[in-house]
Amino acid sequence: MVKVVVLGAAGGIGQPLALLLKANPLVTELGLYDIVNTPGVAADLSHIATPAKVVGYLPPDEGLKKVLTGADVVVIPAGIPRKPGMTRDDLFKINAGIVRDLATGIAITAPKAFVLVISNPVNSTVPIVAEVFKKHGVFDPKKIFGVTTLDVVRASTFVSEILGDLGKAPSISVPVVGGHSGVTIVPLLSQSTVPLPSGFAKSDLEALVNRIQYGGDEVVKAKDGAGSATLSMAYAGAEFAAKVIKAIKGEKGIVAPTFVNLASDKASGDALKKEIGQDLEYFSAPVELGPEGVVFINPLGKLTDYEKTLVQAALPELAISIEKGVSFIGSSKL
């Protein structure tokens with residue numbers, strides 16, 4: 001039995017994410033929560049002929065507590081989307097409080113659940129969840145994840161476009177490390193399972209890296225004020241959740257890039273800190289997943305000189321974003 005809960009289930013990411021989770025045969029119960037419309041979304045999804053029983057709650061009558069009771073996996077896409085001209089700092093001011101309050105509910109009602117954070121800015125919201133759990137004495141670094149899968153999905157898609165064959169996209173895997181915004185997104189294209197064409201120009205490589213780093217801006221601009229990357233993010237979130245569920249059920253050898261606390265596996269986390277040359281508390285790297293969460297944080301491996309410069313450029317921004325999340329909870333009353 002696997003109960004998955006989506007917090008922010010009536011939103012632009014939440015609805016398609018809930019649909020994809022309802023379609024996953026490994027999900028036996030799907031709990032939905034939002035400040036509006038959740039019972040309607042739940043009723044709609046409940047008519048789909050798959051195993052998951054669907055329930056939907058609103059805040060009144062302890063809705064958050066009810067939806068979280070018995071949760072194995074909690075996915076958090078709640079918050080506002082980015083609009084044109086909005087910085088991730090603007091996003092932080094609004095989404096930080098939302099994530100803090102939801103994390104408090106999880107810490108109280110479902111402290112042993114796997115928590116998958118989608119709400120941006122992930123580089124700050126993951127530390128917020130962790131700090132809330134610490135304040136409640138239930139922090140387990142092995143079970144809190146920042147969902148960076150969209151960067152991996154974009155990298156795979158864009159490489160297949162360059163190769164002129166979108167049919168290759170599902171079989172292309174590009175490790176993306178660092179964090180989940182702008183310069184902190186570091187695609188290790190030299191490690192792509194399907195290499196870029198020989199003689200690929202450095203200017204083209206830089207343009208590709210920039211497109212992966214700022215793919216979200218491409219969508220925000222194309223939607224012309226009507227939202228951000230919701231459908232691709234829902235797909236990516238469902239992909240990562242599916243891997244977590246398989247790991248919970250005991251499937252071996254599951255590895256996925258994700259933004260984690262490096263104390264989640266001390267030996268491999270310390271080795272990664274040494275590799276990047278900085279004592280960061282969080283970093284995104286390919287992580288092996290198991291029934292208890294993080295099993296092993298994989299090293300970055302052999303990098304090109306260009307990739308090394310990208311990693312170094314990511315570190316100062318990551319440090320600032322992580323500290324922002326930690327400080328927010330330090331100054332909050334829970």
Side-chain angles (χ1 to χ4, degrees), residues 6-9 11-21 24 73 75-83 86 88 91-92 95 99 115-126 144-161 166 169-189 191-193 208-223 227-244 254-260 282-287 289 310 314 317-318 321:
V6 180
L7 303 180
I13 296 170
Q15 288 202 42
L17 174 61
L19 172 62
L20 291 166
L21 289 168
N24 186 328
V73 178
V75 192
I76 312 178
I80 64 154
R82 197 150 56 98
K83 296 183 174 73
M86 185 182 268
R88 290 188 184 262
L91 262 189
F92 176 82
N95 287 352
V99 171
V115 183
L116 282 49
V117 184
I118 290 173
S119 306
N120 272 320
V122 163
N123 297 349
S124 300
T125 53
V126 170
I144 299 174
F145 302 90
V147 180
T148 61
T149 313
L150 181 52
D151 304 323
V152 179
V153 168
R154 282 185 175 135
S156 303
T157 305
F158 299 163
V159 168
S160 70
E161 286 176 358
L166 276 172
S171 62
I172 295 173
S173 177
V174 178
V176 182
V177 303
H180 184 57
S181 69
V183 73
T184 71
I185 297 169
V186 180
L188 304 182
L189 290 156
Q191 297 178 25
S192 172
T193 52
L208 174 58
V209 167
N210 185 267
R211 190 181 179 206
I212 294 164
Q213 291 179 328
Y214 296 97
D217 293 351
E218 194 176 305
V219 177
V220 168
K221 186 179 176 186
K223 288 192 174 181
S228 58
T230 53
L231 299 172
S232 52
M233 185 62 248
Y235 171 84
E239 285 285 293
F240 184 68
K243 289 188 174 184
V244 167
I254 294 178
V255 176
T258 173
F259 189 68
V260 293
Y282 296 85
F283 201 79
S284 183
V287 170
L289 304 170
L310 291 174
E317 181 73 28
L318 267 175
S321 300

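Predicted, not measured: the structure shown is a model, and the values here were computed from it.
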Taking side-chain contact (heavy atoms from CB on, under 4.5 Å) as the definition, give me every residue that meets it alongside L19, ordered by chain and number, with sequence neighbours left out.
L45, I48

Measuring from atom CG of L310 to atom CD of Q213, what distance do you get when rounded to the nearest 0.5 angstrom?
6.5 Å

Side chain to side chain, P77 and V6, heavy atoms closer than 4.5 Å:
yes

For T149, check side-chain contact (heavy atoms from CB on, under 4.5 Å) against everything at least two apart and list the hits.
V147, V153, A236, E239, F240

Supply the atom-to-atom distance T258 OG1 to I144 CD1, rounded to the nearest 0.5 angstrom.
11.0 Å

Are the side chain of S156 and the backbone N or O of I172 linked by a donor-acceptor pair below 3.5 Å?
yes

Looking at residues at least two apart in the chain, or sitting in another chain, which of them share a ring pair (Phe, Tyr, Trp, His ring centres under 6.0 Å) with F283?
none

Could you measure the distance from the CZ atom of R154 to the CE atom of M233? Nearest 0.5 Å is fine.
8.5 Å

If you look at every heavy atom in G179 and L318, which pair is closest and at what distance?
CA-CD2, 3.9 Å

Straight-line distance of L91 CG to N120 CG, nearest 0.5 Å:
6.5 Å

Distance-only, no hydrogens or angles: does the N95 side chain make a donor-acceptor pair with backbone N or O of I80 under 3.5 Å?
yes

For T184, the side chain to side chain donor-acceptor pair (under 3.5 Å) test, sequence neighbours excluded, returns N123

Does V73 have any side-chain contact (heavy atoms from CB on, under 4.5 Å) partners at least two apart in sequence or in another chain, and if so, which?
V4, V75, F114, L116, V244, I245, I248

Can you sort out the partners of E161 under side-chain contact (heavy atoms from CB on, under 4.5 Å), two or more places apart, ordered by chain and number?
T157, F158, L166, R211

Sidechain-backbone polar pair: S119 side chain, I76 backbone, donor-acceptor under 3.5 Å:
yes

Please name the pair of heavy atoms, one in V159 and one in L189, separated by the smallest distance, quoted to 0.1 Å.
CG2-CD2, 3.7 Å

Here the gap from S232 atom OG to L150 atom CG, rounded to the nearest 0.5 Å, amounts to 4.5 Å

Is there a side-chain contact between I118 and L17, using heavy atoms and a 4.5 Å cut-off?
yes

For the residue pair T193 and S171, what are the closest heavy atoms and their distance?
OG1-O, 3.2 Å

Heavy-atom side-chain contact between V176 and S284 under 4.5 Å:
no

P175 versus Q191, closest heavy-atom pair with distance
CG-OE1, 3.7 Å

Could you report the tightest heavy-atom contact between V152 and P257, atom names first, then the distance?
CG2-CG, 3.8 Å

Can you tell me how far OG of S181 sits from CZ of F92, rounded to the nearest 0.5 angstrom?
12.5 Å

